[in-house]
Structures are given as C-alpha cells and as structure tokens.
Amino acid sequence: MKTSRFIKDNIKLIKLQKLIIVSILIGFLAAFLGIALKKLTEHYEQIFFNQASLHPIFIFVFPVFGLTVIYFIRQNVFNKKINKGINEVFESTASPTKNLPKSKIASHFINGLLTVIFGGSTGIEVSTVVATATIGSVAQQKHNFFKEYKTALISAGIAAGITALFGSPFAGLFFVCEVISKKITKPFLLINIISVTIAFGLVYLIDEEPTFAVSITKWHYYALPYFIMLGVISGVNAVYLTKCVLFFKNNLNHIKSHYYKIVFGSVILSCSLFFFPQLYGEGYHAIKTIFTDPNHLQLTSTLIISLIGIIILKPIVTSATLFSGGDGGVFAPSLFIGAFLGLFIALFLNTYFHAAIIPMNFMVLGMAASLSASIHAPITAIFLICGLTNDYTLFFPLTIVSFTAKFTAARIYPYSVYSYAASLSK
C-alpha cells in the first residue's frame with residue numbers, strides 16, 4: 001500500500017515538474033516572439049510611414065503592395081490557409097483533437113508585420129495572440145498527459161505574449177481569464193502565473209520602456225459624471241467598431257476574387273490615409289504625438305473635423321484592412337479610437353461647458369474604455385493601460401470607465417468581435 005502511494009505521489013511530482021518546465025519554456029518563447037514582433041514593427045513602420053509622409057504617392061502604393069505580398073505568401077508558402085484571427089484559438093480550445101498547426105507561428109508573425117508596416121490600419125496584438133497560442137498548442141502535443149491541460153498551455157502562450165507587448169503580467173493573465181477560458185482551475189492559474197512571470201522577467205531584463213510616456217499627477221472627484229459619460233460614449237462607439245468589422249466580414253461575401261478584395265480594401269485605406277495620415281498602421285505614432293501636450297490644445301474647427309474624421313474612419317479602414325486579407329484585430333484600433341475620442345470629449349466639454357477636466361487623463365481613460373467595450377474585458381483593459389503608461393494614478397477612474405463602457409456595449413449588442421467569432425465556432 002505504501003509503495004503504491006509512494007509511486008502515485010512520485011508520478012504527481014514528476015507531472016508537476018514537467019508542467020512547470022513547459023510553462024517556463026512557453027513563457028520565454030512567447031515573450032521573445034512578442035517582443036521581436038513589436039520591435040520589428042515599430043522600426044519598419046516608422047521607416048515606411050516617414051517615406052509616405054515625404055512622398056504621398058506611397059500612400060497609394062504601400063497598402064496594395066503589402067496586401068498583395070501577404071496574399072502571395074499565403075498562397076505559395078502557407079498552403080493557401082487563411083488566417084482567421086482569434087477564432088482559430090477558440091476553435092482549438094473548444095475541440096480536444098483540433099490543434100493549431102506550427103505554421104501559424106510564422107504566418108501570423110510575418111503577415112502581422114507586413115500588414116502594419118505597409119499601412120494596414122490594425123495592430124499586431126491579435127497576430128501575437130494566435131502565434132503565441134500556437135506555441136502553447138505545439139507544447140501540449142509533446143506529451144500525452146499535457147493534453148488535459150491544452151487550454152491552460154495555449155492560454156499561457158497568449159498571456160506571455162500580451163505581457164511582452166504591454167509590459168503588464170496582470171493584463172496577460174486577466175485577458176486569458178476574461179476572453180480565452182471561462183473555466184479557471186488551480187493548474188490553469190499555476191501554468192499561466194509561471195508563464196507571465198517569465199515573460200515579465202524578460203521584459204524587465206531588456207529594460208523595455210512603456211509604450212506611452214505620460215505624466216499623470218492627479219484627478220478630481222467632480223469629474224466622476226464625465227467619466228461615466230466617457231464610458232457610455234465609448235461603449236456606443238465600440239459597438240460601431242464591432243458592427244463595421246462584422247459588416248465587412250458577413251455582408252461583402254459576394255466579392256469572391258482575392259484581387260478584387262485587395263483593390264477594394266486598398267482604395268478605402270489609401271484614400272483615408274491621404275486625408276488622415278494618423279490612420280497609418282497601428283496608429284501609436286499618432287497617439288504619441290497628441291500625448292506630448294494635450295492639456296494646452298485649443299478646439300478649433302480644423303481640429304474638430306480631424307478628430308471626428310479619425311474617430312469615424314478608423315473602424316472602417318480597420319474593417320477594410322481585415323477584409324482585404326490583412327492580419328490583425330481590434331486591440332490597437334480600440335486604443336487608437338479611445339485616445340482620440342477621449343481627447344475630443346475633454347476638449348469639447350472644456351470649450352463649451354467649462355468643465356475644467358484634464359485632457360491627458362481623458363485620453364488614457366478613453367483608451368481603457370474603448371478596449372474594454374470592444375473585447376468585453378474590463379479588468380484586462382484596466383491593467384493593460386496601467387502597463388502601457390506605467391502609471392496607476394487613474395486606477396479608480398479606469399475601473400469606472402471600463403465597466404461602464406463594457407456594460408453599455410453589451411446592452412446595445414451582446415457580442416464583441418471575439419465572442420461573435422466564438423459563438424460561430426461552436
């Protein structure tokens with residue numbers, strides 16, 4: 001009896017050790033991939049954007065060239081397999097037998113990079129999510145007993161990738177809890193905590209700077225009604241983004257030719273970029289520009305037209321990019337829209353209602369509200385924005401706007417882009 005008990009306990013210990021080792025490996029590899037993709041994208045996006053700024057003809061050349069290259073790579077290198085975004089992850093976690101093929105690591109890495117640097121108005125976040133999920137999926141196929149932890153290991157890759165992109169282990173952990181897996185067990189938490197810890201250690205080791213350098217020193221309780229207003233408006237706007245993406249995906253199926261799709265999407269994208277170059281790529285360059293001194297901006301008629309145009313067009317050009325074969329999702333577009341929406345609301349209230357609110361704060365809050373409403377993950381949005389800015393001063397207002405925005409969006413339309421995809425995969 002004692003011998004069998006000893007063997008059983010020893011087997012449990014061996015399994016635990018293997019889970020810990022595989023969690024460490026997934027965390028490191030996923031974080032390394034995320035950081036590499038982020039650095040490459042930032043570097044080459046800046047180069048191509050500068051060229052497009054100096055020579056406007058490139059605004060019409062880059063999108064069609066980038067989408068065409070992606071199509072030919074998909075046809076000739078990746079066996080004509082279409083990248084379906086995060087829906088691929090849901091399909092894999094929902095099935096005990098369906099796994100993400102190894103090729104998804106390279107295809108999403110390459111296609112995500114090419115989409116953004118050539119002007120595609122999306123981000124690398126979903127590309128990173130699927131590529132890092134594939135690392136977890138490949139790992140769980142290496143040992144029979146790993147298969148019972150399939151969702152946990154896939155989530156570990158995703159959590160580490162998100163941690164690497166945004167410098168927040170809490171954002172990575174809460175994202176997989178809110179979006180990827182609704183069932184949270186002790187092994188799930190152990191695997192994912194180890195993974196994000198390793199990922200954050202790598203971020204710390206290379207001394208990665210916060211994406212946005214902001215200086216937030218205070219906020220006022222009298223602004224609470226305005227926070228709620230921002231949350232409600234962000235929720236409505238997030239539904240608009242979701243509806244745009246789903247409209248292009250579901251209502252333009254009559255365009256069968258990939259060449260027509262590329263031309264159609266490129267025309268929309270290039271024309272929009274010509275009038276609003278801020279829409280180029282993931283748009284972080286534009287957010288950094290307005291973050292320099294938003295508190296002293298004056299709301300002129302030109303600025304009103306620019307802000308409204310950007311807020312209205314971003315969901316359309318994002319949808320057109322994805323429809324035309326670009327790789328990405330709504331993560332970066334949500335942050336982009338939220339920053340400009342928050343700035344517009346703050347300047348509008350200060351100019352016409354003398355609200356005396358801080359535009360810098362509203363930009364940060366708008367980013368969290370839009371992301372929360374778009375992916376229906378308020379806790380992820382709170383910690384992700386804190387990680388992006390490396391500042392927790394606005395934690396309480398972030399909580400208010402994030403939950404308000406998510407509740408508003410869910411009341412208007414019960415699906416996010418992610419949950420809509422998940423419902424179709426069942």
Side-chain angles (χ1 to χ4, degrees), residues 30-31 34-35 37-38 41-42 86 122-129 132-133 155-181 192-193 195-197 199-200 203-204 208-214 216 230-231 234-235 238 241 282-284 287-288 291 328-342 361-406 409 416-418:
I35 292 170
L37 181 54
K38 178 183 177 182
T41 304
E42 287 176 348
I86 204 166
T122 180
I124 59 169
E125 291 78 13
V126 170
S127 303
T128 304
V129 163
T132 54
S155 297
I158 296 170
I162 295 294
T163 299
L165 288 182
F166 299 106
S168 172
F170 294 110
L173 193 59
F174 283 120
F175 178 76
V176 295
C177 292
E178 287 186 299
V179 177
I180 304 301
S181 176
N192 280 271
I193 287 172
S195 181
V196 298
T197 302
F200 186 66
V203 172
Y204 180 80
E208 183 72 359
E209 294 292 325
T211 303
F212 302 114
V214 299
I216 300 170
L230 175 62
S234 297
L241 171 60
E282 58 192 3
Y284 289 169
I287 298 176
K288 289 176 181 178
F291 259 138
V330 299
F331 241 90
S334 297
L335 297 174
F336 178 89
I337 293 167
F340 281 90
L341 181 63
N361 290 2
F362 258 55
M363 286 179 62
V364 174
L365 295 173
M367 292 167 74
S370 291
L371 180 63
S372 170
S374 295
I375 66 175
H376 289 193
I379 302 177
T380 299
I382 294 166
F383 284 100
L384 189 145
I385 296 304
C386 289
L388 274 177
T389 59
N390 196 29
D391 195 302
Y392 285 79
T393 305
L394 295 176
F395 189 85
F396 181 66
L398 283 169
T399 303
I400 292 175
V401 298
S402 295
F403 278 95
T404 301
K406 189 262 182 180
S416 68
V417 172
Y418 297 163

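From a predicted model like this one, the values you see are computed outputs, not experimental measurements.
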Non-hydrogen side-chain atoms of Cys386 and Leu398 separated by less than 4.5 Å: yes

Heavy-atom pair of closest approach, residues Phe340 and Ile287: CE1-CG1, 4.4 Å

Inter-residue atom distance Leu230.CG - Leu341.CG, 0.5 Å rounding: 6.5 Å

Ile180 side chain reached by Ile86 side chain, heavy atoms, under 4.5 Å: yes

Exercise: identify the closest heavy-atom pair between Ser374 and Ser334: OG-OG, 2.9 Å

Nearest heavy-atom neighbours spanning Leu371 and Ala381: CD2-CA, 4.1 Å

Spatial distance of atom CD1 (Ile158) from atom CG (Asn192) [nearest 0.5 Å]: 9.0 Å

Ser168 (side chain) donor-acceptor with Gly387 (main chain) under 3.5 angstrom: no

Ring geometry between Phe170 and Phe383 (parallel below 30°, tilted from 30 to 60°, perpendicular above 60°): tilted

Nearest-0.5 Å distance that lies between atom CG in Leu165 and atom OG1 in Thr211: 8.5 Å

Closest non-hydrogen atom pair between Ala369 and Val401, with its separation: CB-O, 3.9 Å

The single option from Phe166, Phe291, Phe212, Phe331 passing ring-ring contact (aromatic ring centres under 6.0 Å, His included) against Tyr284: Phe212

Separation between CD1 of Ile375 and CG of Leu384, rounded to the nearest 0.5 Å: 7.5 Å

Side chain to side chain contact (heavy atoms under 4.5 Å, CB included), paired with Leu394, selected from Val214, Val364, Ile400, Thr399: Val364

Rounded distance [0.5 Å steps], CE in Met367 versus CZ in Phe362: 15.0 Å

Side chain to side chain donor-acceptor pair (under 3.5 Å) pairs, two or more places apart, involving residues 170-180: Glu178-Thr380

Under 3.5 Å donor-acceptor, Thr128 side chain and Ile124 backbone: yes

Check: Ser372 side chain, Ser402 main-chain N or O, donor-acceptor pair, under 3.5 Å: yes

Heavy-atom check, side chain of Val129 versus side chain of Phe175, under 4.5 Å: yes

Smallest separation among heavy atoms of Pro378 and Lys406, with atom names: CD-CG, 3.9 Å

Gap between atom CG of Leu241 and atom OG of Ser416 - 0.5 Å precision: 10.5 Å

Leu335 side chain near Ile385 side chain, heavy-atom distance below 4.5 Å: yes

Closest non-hydrogen atom pair between Val176 and Ser155, with its separation: CG1-O, 3.3 Å

